[in-house]
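What follows is a set of notes on a single structure, which appears directly below.
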Amino acid sequence: MYIKRGYVNEGTGKLAGVLLSDPDYYKQWHFEENTDDNNGDKDDTPHTLTYDLGYDGITITSQQVVKGESVNLITPERAGYIFSGWYYNGSKIESGVWEYDCDVTLTARWEAINYSITYHTDGGTLPDNYLETFTVLSDLPYTLPIPIKQGFNFVGWYETADFSGEPITEIPKDSLRNYTLYAKYTDEQLLEFELSFDGTYYSVVGYKGSLQYVTIPKTIDGLFVKEIAAKAFADCNSLIGIILSDGVTSIGNSAFSNCYNLTSITIPDSVTAIGSSAFSSCESLTSITIPDSVTSIDDYAFSDCHNLISIAIPDSVTSISDGAFSRCFNLTNVTIPDSVTSIGGSAFSGCNDLTSVIIPDSVTSIGSSAFPNHLYKRYSGCYYLPTKSGDYGFLCEPLDIDTIVNVKIHDNCKTINRAAFYQCRNLTSVIIPDSVTSIGDSAFNDCSSLTSVIIPDSVTSIGEYAFCYCSSLTSVVIPNNVVNIGVQAFYECNNLTNVFYKGTAKEWSGIILGNSALPSNFSLYYFTESEPTDNGNYWHYDTDGKTPVIWEKRK
């Protein structure tokens, strides 16, 4: 048989505990052959006992064992865990007489230690869902909650009852100990208020302090505090956390812009409006929950929040305005709810860590450069955004204009955006669905290979320069629902000889035409299904129901 040497307690003969930080510890074991020959009555064939710690791929072959001999299994240690025992084929194996006459691998099982956080709030109220325990598996660091105590502003959490030492703001990463925390407050009034014009409520208009935490009171002199005025906390770099009372209904333009150290904000369900640039350049914000009461996210509301990782957009939101989340570099995913109908230009531009986005079928308008380029997919020579229905998506931002040849626009699109296909000079055909109601300015400007276009009956407006410089365009069908054709909409379309109008001459005269909306040398034809009785310019559809055919004039 074999005996073990190295790191063995000489008094008890047992192996000492093993520290994870010193895996070479195991390598210092060695073996010597026992001189007892056992009279040949026993199988002394040694077998390998392997210890698998069950994490990080660490496997240690630690000793040789013989069936029938007594074996003391090692007791490993792991920071943040309690060792639960060694297991083989689902059964727990204890130290004692070894029963196996083959090589065996034992796997360690561990139980994560629960560490506690005890809060002494001194009469303050903690928000919902605060953390009371954590383990090594928890998502640390954890930003500590801000307690609310009416009439006071929170100063910070201390680990001593006399508030000695420095306050702490979070449970740091890899922390493995219990915490007892004491809340400290001040009653010094640092907020500036202004009474509303009608004398029914107050607005917070400024902040003159340097505290890291601020709680907005619910009432002042018996009146609700309803608004955070424009720029009320702008450029307040000392601010780490803020709690808005449930009486606040609106957050003004740039209210918290450039609060670089703001990591936590509680927005109550009473808030219905978040103003333009309200949280722009709040670079320390990592997540934020927008309440269900908010219906729109205004221009650049969260732009340049460089560390924002996640955002919860509620089902109440119907529009995401221009640049709302632009340059949120660390934003990894976003779910756009079915309630949203429009997404503004550059809404998520610069969010280069976004791995995916699904556009709900409710969306009818997406602005230019709404998403970073890598999210656009390619299909049949053009680029699009994927939708929940799996359709072609929104052809709002072609990327490689030289590869765009054929375009079919998604059936839910309501607007072809400004300059959507500008200078797609290889584009030869486009199918515009009946859902589209307007064609934006310069939408197909300088698409020099486009030969014909059928504008559906749903369209009411053709923007300025919409088909300007489409030099190969020979025919266009314009519905009688169009009420205006913008300035130079078909300017320099010198080969456009036939304009097929789906209405009468009287209806055409009612259209508002911008300067040089159409080329000077075109022929205008009016639609009639039956053969006309006079010699005017008329047209009808061919048997395919798509191709315009000019009625021959009577002789």
Side-chain angles (χ1 to χ4, degrees), residues 124-130 143 145-154 185-209 211-236 238-259 262-280 282 285 287-302 305 311-319 321 324:
T125 302
L126 291 172
D128 295 336
N129 303 320
Y130 59 91
T143 301
I146 304 173
I148 300 174
K149 187 175 182 180
Q150 291 300 321
F152 295 85
N153 278 313
F154 176 65
Y185 306 91
T186 178
D187 59 1
E188 182 181 4
Q189 186 52 261
L190 303 172
L191 296 170
E192 297 176 343
F193 299 93
E194 185 177 278
L195 189 63
S196 65
F197 179 77
D198 59 5
T200 59
Y201 65 89
Y202 278 96
S203 298
V204 179
V205 296
Y207 177 62
K208 57 186 178 182
L211 287 177
Q212 293 180 324
Y213 303 95
V214 173
T215 299
I216 305 300
K218 187 170 185 176
T219 60
I220 296 290
D221 299 329
L223 297 177
F224 281 107
V225 177
K226 286 190 174 183
E227 293 180 347
I228 309 298
K231 298 185 177 180
F233 292 89
D235 304 310
C236 183
S238 62
L239 196 62
I240 291 178
I242 188 163
I243 293 178
L244 308 183
S245 66
D246 58 9
V248 173
T249 59
S250 67
I251 300 172
N253 297 343
S254 301
F256 297 94
S257 63
N258 298 317
C259 290
L262 184 65
T263 60
S264 171
I265 182 165
T266 301
I267 303 177
D269 290 338
S270 55
V271 170
T272 59
I274 298 176
S276 299
S277 300
F279 296 94
S280 64
C282 289
L285 273 179
S287 66
I288 193 164
T289 300
I290 300 172
D292 290 339
S293 49
V294 173
T295 58
S296 65
I297 301 172
D298 282 0
D299 297 350
Y300 303 97
F302 297 93
C305 291
I311 183 76
I313 301 175
D315 290 337
S316 57
V317 170
T318 58
S319 65
S321 299

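Hydrogens, waters and symmetry mates play no part in the numbers below; they use all other heavy atoms, side chains included.
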Scanning both residues in full, the closest heavy-atom pair of C259 with F233 reads SG-O, 3.0 Å
Backbone of T215 reached by a side-chain donor or acceptor of N153 within 3.5 Å = yes
Does the S293 side chain pair with the main chain of D269, one donor and one acceptor, at a distance under 3.5 Å?
-> yes
Could you state the interatomic distance from OG (S238) to CG (L211), rounded to the nearest 0.5 Å?
-> 7.5 Å
Distance (rounded to the nearest 0.5 Å) between T143 OG1 and I240 CD1 = 9.5 Å
Does a side-chain heavy-atom distance below 4.5 Å link F256 with I242?
-> yes
Could you tell me whether the side chain of L191 reaches within less than 4.5 Å of the side chain of P217, counting heavy atoms only?
-> yes
Looking only at non-hydrogen atoms, find the nearest pair between E192 and Y207 and report the distance.
-> OE1-N, 4.4 Å
Indicate the ring-plane relationship of Y185 and F154, choosing parallel, tilted or perpendicular according to the 30° and 60° boundaries.
-> perpendicular
Nearest heavy-atom neighbours spanning Y130 and P127 = CD2-O, 3.0 Å
Can you check side chain to side chain contact (heavy atoms under 4.5 Å, CB included) on D221 and L195, steps first, answer last?
-> CA-CA 11 Å; D221 299 329; L195 189 63; over 6 Å; no
Residue pair S254 / A234: nearest heavy atoms and the distance that separates them = O-CB, 3.7 Å
Evaluate whether atom CG of D198 has more than 12 neighbouring non-hydrogen atoms of other residues, nucleotides or ligands under 6.0 angstrom away.
-> yes
Closest non-hydrogen atom pair between P291 and P314, with its separation = O-CG, 3.3 Å
Any residue meeting ring pair (Phe, Tyr, Trp, His ring centres under 6.0 Å) with F193, in chain and number order, not counting sequence neighbours = none
To the nearest 0.5 Å, atom SG of C236 lies from atom NZ of K208 at 13.5 Å
From L126 atom CG to I146 atom CD1, the distance as rounded to the nearest 0.5 Å = 10.5 Å
Show me the donor-acceptor pairs, under 3.5 Å and distance only, between side chains in residues 270-277 and residues at least two apart or in other chains.
from : atom 1 : to   : atom 2 : distance (Å)
S270 : OG     : D246 : O      : 2.8
S270 : OG     : V248 : O      : 2.5
T272 : OG1    : T249 : O      : 3.3

Under 3.5 Å, which donor-acceptor pairs link side chains of residues 223-231 to any protein atom two or more places apart or in another chain?
from : atom 1 : to   : atom 2 : distance (Å)
E227 : OE1    : S203 : OG     : 2.9
E227 : OE2    : Y201 : OH     : 3.3

Nearest 0.5 Å please: distance from the CG atom of L239 over to the OG1 atom of T263.
-> 9.0 Å
When rounded to the nearest 0.5 angstrom, what is the spacing between OG1 in T266 and CD1 in I148?
-> 7.0 Å
What's the shortest heavy-atom distance between L285 and S264, and which atoms?
-> CD2-N, 4.1 Å
